[in-house]
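The structure appears right after this line, and notes come after that.
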Amino acid sequence: MALSSPLEDDNLLQEILLRLAPQPSSLPRASAVCKRWRGLLTDPRFLRRYYAHHRKPPLLGVFETRSGRNPFISTLDSPDHIPPERFDLQRHDSFPKSVLDCRHGHVLVKYWMREDLVVCDPITGENRHMSVPSKFKGVFISGAVLCAAGDQGHVHGGCHSSPIKVVLVSTTKDTRALACVYSSETGVWDNLISTSTPCQLFVGRFSATLIGKALYWPLFTPEKGILEFNLEEQSLAVIEGPPLTNNFDMGNIWIIQAGDGVVGLAVLSYPFFQMWQREVNFHGVATWVLQKTIEIHSIGLPPQIGRGTGAKKTIVGYSEDADVVFILVGDSLCMVQLKSMQCKRLCETNHSVCYYPLTSFYVPGTSIGSNGENDA
């Protein structure tokens, strides 16, 4: 009797396919081998195991907000490079709009000319619309979008049909921070939440940073503190910022997740790149500790960076999942991995704006150009 191939055993084949790299080309290429492989790779049970095995989705690229358009820039090389037209946020309409946030495979976008928001899923092409609450109309706002799935073992980045939450923040006339939460499960905005003390939010320049169960935005200057929105307690608070010197530029800081899963701050201050970490002791007393100082030129950033050269030197984005910051140096957009401090030059641009990273699993059988929309 002829011996059967190990690949004829579905269980063994799935164990092999689970170990394919979580890059955009991996599963679509494998699914093209034959109908049997495609059936295994598109099975929701296999995909849940695949997400759980890899834990974190790959960084696919960034959305660049400029002039009412939000072109996509892939951070991957061939064969995983994704052309910008695949994730065109203007696909459904040509109205000018700006990205407010991007997380868990979803993009939060606000229209310029009307008080509407839309949450886009670039992978499936699905859009979810919602109106801006009355207290946030006619003012500058910042926002955040995140997956609201609480299933045990759920891995963000493959949650295209999961419920979502949207958080909007702004500053009132008496300089108090104001927040409101939308849930796709209820289809309504919750009650308004405000800080008890005055503070001035740096609205529109920074996207939110998700650390644990809280979202963070910088206030107008770091010494004024950082705004914290606790997702579980539905509360706003201002926490003290690090003791930075007075010669920093607000364009050269970004709230990051530090190594121990706590609040951190990346600071680009020529000729150094610094990373601070907020530590809380057993008595609940918080202190900021300077964790790392690196010479900028040792990172591999373009040589034109320096004091007095006139070149732009700005932190313009951060990915929590990939642990990378995006830095604009002159006309070069660079990506720096915070653990290894390795730098990759992505493209040339003359737009000093914010860049919103997209992390998501890219699976076979996904409809990229879907016209289906859910209105909320």
Side-chain angles (χ1 to χ4, degrees), residues 22 51 54-65 70 72-75 82 87 89 97-110 117-130 141-151 154-169 179-185 203-218 226-232 254-257 261 263-264 266 315-326 335 338 353-362 376:
Y51 302 152
H54 291 286
R55 298 302 304 167
K56 286 189 176 183
L59 173 65
L60 303 181
V62 292
F63 289 97
E64 177 187 65
T65 293
N70 307 275
F72 179 77
I73 302 170
S74 180
T75 56
I82 299 171
F87 294 155
L89 299 182
K97 54 183 79 77
S98 294
V99 173
L100 296 181
D101 193 40
C102 187
R103 183 175 294 100
H104 299 161
H106 296 90
V107 189
L108 176 63
V109 179
K110 183 183 183 300
L117 301 168
V118 57
V119 175
C120 309
D121 185 332
I123 302 293
T124 66
E126 180 186 17
N127 286 349
R128 311 190 206 198
H129 292 269
M130 61 211 70
I141 61 174
S142 291
V145 61
L146 62 155
C147 173
D151 308 345
H154 178 80
V155 177
H156 296 306
C159 35
H160 303 293
S161 59
S162 299
I164 59 168
K165 285 186 178 180
V166 173
V167 181
L168 294 185
V169 293
C180 196
V181 180
Y182 170 87
S183 168
S184 67
E185 293 179 288
V203 178
R205 168 63 179 84
F206 299 91
S207 59
T209 299
L210 176 66
I211 304 173
K213 298 295 184 180
L215 291 161
Y216 296 88
W217 290 269
I226 293 171
L227 183 67
E228 176 188 68
F229 180 74
N230 189 304
L231 291 161
E232 289 189 333
W254 205 279
I255 300 170
I256 61 172
Q257 178 173 285
V263 180
I315 301 178
V316 291
Y318 168 66
S319 170
E320 303 138 4
D321 287 330
D323 196 30
V324 299
V325 292
F326 297 88
M335 179 175 69
L338 292 180
V353 291
C354 191
Y355 291 79
Y356 298 86
L358 172 67
T359 57
S360 183
F361 291 103
Y362 201 96

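Numbering starts at 1 and runs along the sequence shown. Small disclaimer: the values here were computed from a predicted structure and weren't measured.
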Next on the checklist: Checking the side chain of Asp101 only, and the main-chain atoms of Val107 only, is there a donor and an acceptor separated by less than 3.5 Å?
Outcome noted: no
Item to check | Any Trp254 side-chain heavy atom under 4.5 Å of Ser207 side chain | outcome: yes
Item to check | Pairwise side-chain contact, Arg128 with Ser184, heavy-atom cut-off 4.5 Å (strictly under) | outcome: yes
Next on the checklist: When you compare the side chain of His156 with that of Arg103, does any pair of heavy atoms fall below 4.5 Å?
Outcome noted: no
Next on the checklist: Would the distance check show the side chain of His104 and the main-chain N or O of Leu146 forming a donor-acceptor pair, the cut-off being under 3.5 Å?
Outcome noted: no
Checklist entry - Do the side chain of Ser360 and the main chain of Gly105 share a donor and acceptor less than 3.5 angstrom apart? => result no
Item to check | Electrostatic pair Lys165-Glu185, nearest N-O below 4.0 angstrom | outcome: no
Checklist entry - CD1 of Ile255 to CD1 of Ile211: how many Å apart, nearest 0.5 Å? => result 7.0 Å
Checklist entry - Val99 versus Leu108: any side-chain heavy-atom pair under 4.5 Å? => result no
Item to check | Side-chain heavy-atom pair Pro58, Thr359 within 4.5 angstrom cut-off | outcome: no
Checklist entry - Are Ile73 and Phe326 side-chain neighbours, meaning at least one heavy-atom pair lies under 4.5 Å? => result no
Next on the checklist: Could you tell me if the side chain of Val167 sits less than 4.5 Å from the side chain of Leu231, heavy atoms only?
Outcome noted: yes
Checklist entry - Is there a side-chain contact between Tyr318 and Leu338, using heavy atoms and a 4.5 Å cut-off? => result yes
Next on the checklist: For the backbone of Ala214 and the side chain of Asn230, can you confirm whether one donor and one acceptor N or O come within less than 3.5 Å of each other?
Outcome noted: no
Next on the checklist: What's the separation between atom CD1 in Ile123 and atom OH in Tyr362, rounded to the nearest 0.5 Å?
Outcome noted: 6.0 Å
Next on the checklist: So that I know where these two stand, are Phe361 and Tyr51 an aromatic pair - ring centroids less than 6.0 Å apart?
Outcome noted: yes
Item to check | Nearest heavy-atom neighbours spanning Ala144 and Ala208 | outcome: CB-CB, 3.8 Å
Next on the checklist: Using the ring centroid of each side chain, check whether Phe63 and Phe72 are separated by less than 6.0 Å.
Outcome noted: yes
Checklist entry - What's the spacing between Tyr216 OH and Leu210 CG if we round to 0.5 Å? => result 9.0 Å
Next on the checklist: Between Thr209 and Ile256, is the side-chain contact (heavy atoms from CB on, under 4.5 Å) condition met? List the steps.
Outcome noted: CA-CA 7 Å; Thr209 299; Ile256 61 172; 5.7 Å; no
